[in-house]
Amino acid sequence: MPEGPSLVILKEEVKRFIGKKVTRIAGNTKIPVAEFEGQKLADFKTWGKHFLICFPKKTIRIHFLLFGSYRINETKITPPRLSLFFKNGELHFYACSVQIIEADLDSVYDWSADVMNEAWDPKKAAEKLKAMPKLQAGDALLDQHIFAGVGNIIRNEVLYRIKVQPESLIGKMPKKKINELIREARTYSFEFLEWKKAFVLKKHWLAHTKKICVRCEIPLVKKYPGKTKRRAFFCENCQKIYK
DNA sequence: CCGGTTGTTCAGCG
DNA sequence: GCGCTGAACAACCG
């Protein structure tokens, strides 16, 4: 569930509830959400991996973490963390983090950092990267302040596509390669969205969970590099390390 | 049945 | 105060 494009799919699936009144709110969240009962749902937004349920004055923020899930007009066996009931249906969230945001969203979120957002700004990403020369390329892609919405799958696929080894240092990469990384982070995310919608995401993976490099026909390396220590799949032959 | 993970936060330490 | 590490959370798959 968790990467940015999946939240865009969710946002499309729940459009029917925009403008509708919440007739009942429930769930095992410890966050006090009773105040939203009876309120009109103003909008759904996403920022990276944050799913935002907007009410006139406040916003409920859902983060799916690693195991979070949701159901529309059906339930799972496990108890919902948060449930919203409307006259025209119901929406349930499981195993997710729930928070209430009281501040104006524009003051909380830098929309230009979200790879799925129309306000996405590659120049700003380039500026942020320039200030972090010692950052590894793999860690950079997972940095939500720079590439909000990019998760481990997108990270592995982008680096494989642009032939960059995840431990490469940003400061050692040519400007052209940095720009390629930024461009591909967005391009791949939108392809991820289309493939996921069509239920064909996995079959398009070239690196993530794969054993063999399709370009070199040699085994891929599995390693947990960088500060994020997420599993990285890469080819030592065709993905260049800049160091 | 066990090991592993599309993620983040926080306590503890040096 | 900083960065780093490990734990915690939690559900499902193979």
Side-chain angles (χ1 to χ4, degrees), chain A residues 1-11 13 27-31 46-52 60-71 74-83 92-101 108-110 113-116 131-136 138-161 166-167 169-170 184-211 220-234:
Chain A
M1 171 66 221
E3 299 199 30
S6 304
L7 294 233
V8 173
I9 294 172
L10 166 58
K11 189 165 62 176
E13 287 178 335
N28 65 9
T29 177
K30 288 173 191 157
I31 304 297
T46 60
W47 180 85
K49 301 164 192 167
H50 296 206
F51 185 68
L52 303 166
I60 300 178
R61 191 208 81 174
I62 303 287
H63 198 303
F64 291 97
L65 302 164
L66 206 47
F67 310 118
S69 60
Y70 65 91
R71 291 291 186 274
E74 59 177 15
T75 54
K76 305 211 298 181
I77 306 288
T78 51
R81 178 67 36 85
L82 181 71
S83 298
H92 307 277
F93 298 97
Y94 302 86
C96 56
S97 151
V98 179
Q99 264 189 34
I100 294 175
I101 300 174
V108 176
Y109 292 111
D110 171 9
D114 177 4
V115 294
M116 300 307 292
M132 303 162 95
K134 283 185 269 185
L135 187 66
Q136 292 187 6
D139 286 336
L141 279 164
L142 291 172
D143 187 326
Q144 299 299 296
H145 298 106
I146 310 174
F147 298 103
V150 170
N152 203 28
I153 298 172
I154 297 174
R155 181 272 288 255
N156 281 321
E157 294 297 317
V158 166
L159 291 174
Y160 184 77
R161 273 192 177 184
E167 294 164 299
L169 300 179
I170 291 295
E184 208 54 47
R186 177 156 163 108
T187 303
Y188 186 84
S189 294
F190 278 90
E191 287 180 27
F192 182 121
L193 171 64
E194 293 310 315
W195 289 330
K196 175 119 187 165
K197 275 191 206 168
F199 306 102
V200 293
L201 177 63
K202 275 190 195 181
K203 79 170 189 191
H204 287 277
W205 289 350
L206 297 178
H208 194 254
T209 73
K210 305 306 271 188
K211 298 256 192 286
L220 290 175
V221 174
K222 182 169 127 181
K223 202 171 169 181
Y224 295 77
K227 63 180 173 189
T228 46
K229 297 202 168 45
R230 303 294 304 281
R231 90 184 152 146
F233 298 85
F234 58 90

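Keep in mind it's a predicted model, so treat the numbers as computed, not measured. We name chains A, B, ... by the order of the sequence lines, and we start the count at 1 in each one.
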If the P atom of C/dC4 is compared with that of B/dT6, how far apart are they to the nearest Å?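 Each nucleotide's P atom is 22 Å from the other's.
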P spacing across the pair B/dG4 / C/dG6, given as an integer number of angstrom: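 My reading of the P atoms in B/dG4 and C/dG6 gives 16 Å.
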Side-chain ([X]) to main-chain ([Y]) donor-acceptor, under 3.5 angstrom:
X        : Y        : result
A/Arg155 : A/Leu142 : no
A/Asn156 : A/Phe233 : yes
A/Gln144 : A/Gly149 : yes
A/Glu157 : A/His208 : yes

Does a side-chain N or O from A/Arg230 land closer than 4.0 Å to OP1 or OP2 of B/dT6, or not?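 So the side-chain polar atoms of A/Arg230 do come within 4.0 Å of the phosphate oxygens OP1 or OP2 of B/dT6, strictly under.
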Under 4.0 angstrom between A/Arg155 side-chain N/O and B/dT6 OP1 or OP2: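 False: A/Arg155 side-chain N/O out of range (4.0 Å or more) of B/dT6 OP1/OP2.
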In whole Å, what is the span from the [atom1] atom of [X] to the [atom2] atom of [N]?
X        : N      : atom1 : atom2 : result
A/Phe51  : B/dT8  : CZ    : C1'   : 19 Å
A/Arg231 : B/dG7  : CZ    : C1'   : 13 Å
A/Gln99  : B/dC10 : CD    : C1'   : 13 Å
A/Asp139 : C/dG3  : CG    : C1'   : 13 Å
A/Leu142 : B/dT9  : CG    : P     : 14 Å
A/Ile62  : B/dG7  : CD1   : P     : 18 Å
A/Phe64  : B/dG7  : CZ    : P     : 13 Å
A/Leu201 : B/dT6  : CG    : P     : 13 Å

Inter-residue atom distance A/Lys196.NZ - A/Ser189.OG, 0.5 Å rounding: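 These two atoms lie 13.0 Å from each other.
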Between CZ of A/Arg71 and CD of A/Glu13, what distance do you get to the nearest 0.5 Å? 10.5 Å
Would you call A/Lys223 and A/Glu167 a salt bridge, using N to O less than 4.0 angstrom? yes
So what does A/Lys49 touch, heavy atoms closer than 4.0 Å: a base, only the sugar-phosphate, or nothing? sugar-phosphate
Of all the choices, B/dG4, B/dG7, C/dT5, which nucleotide is nearest to the side chain of A/Tyr224 once you look at every atom? B/dG4
When you get a sec, tell me which of C/dT5, B/dT6, B/dT9 is the closest nucleotide to the side chain of A/His208?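 Per side-chain heavy atoms of A/His208, the pick is B/dT6.
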State, with a plain yes or no, whether a side-chain heavy atom of A/Leu141 is found less than 4.5 Å away from one of A/Ile154.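 No, every pair of side-chain atoms sits at 4.5 Å or beyond.
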Would a 4.5 Å heavy-atom cut-off, applied to side chains only, mark A/Thr46 and A/Met116 as touching?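 Side-chain contact under 4.5 Å: no.
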Aromatic plane relationship, A/Phe93 with A/Phe51 - under 30° parallel, 30 to 60° tilted, over 60° perpendicular: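 Tilted: the ring planes of A/Phe51 and A/Phe93 meet at 30° to 60°.
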Nucleic acid footprint by protein, nucleotides 7-14 of chain C - heavy-atom cut-off 4.0 Å, B for base, S for sugar-phosphate alone: ---BBS--
Helical stems, DNA chain C - three or more consecutive Watson-Crick or G-U wobble pairs below 3.5 Å: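 For DNA chain C the paired stretches long enough to count as stems (3 pairs minimum) are B:2-5 with C:11-14, B:7-14 with C:2-9.
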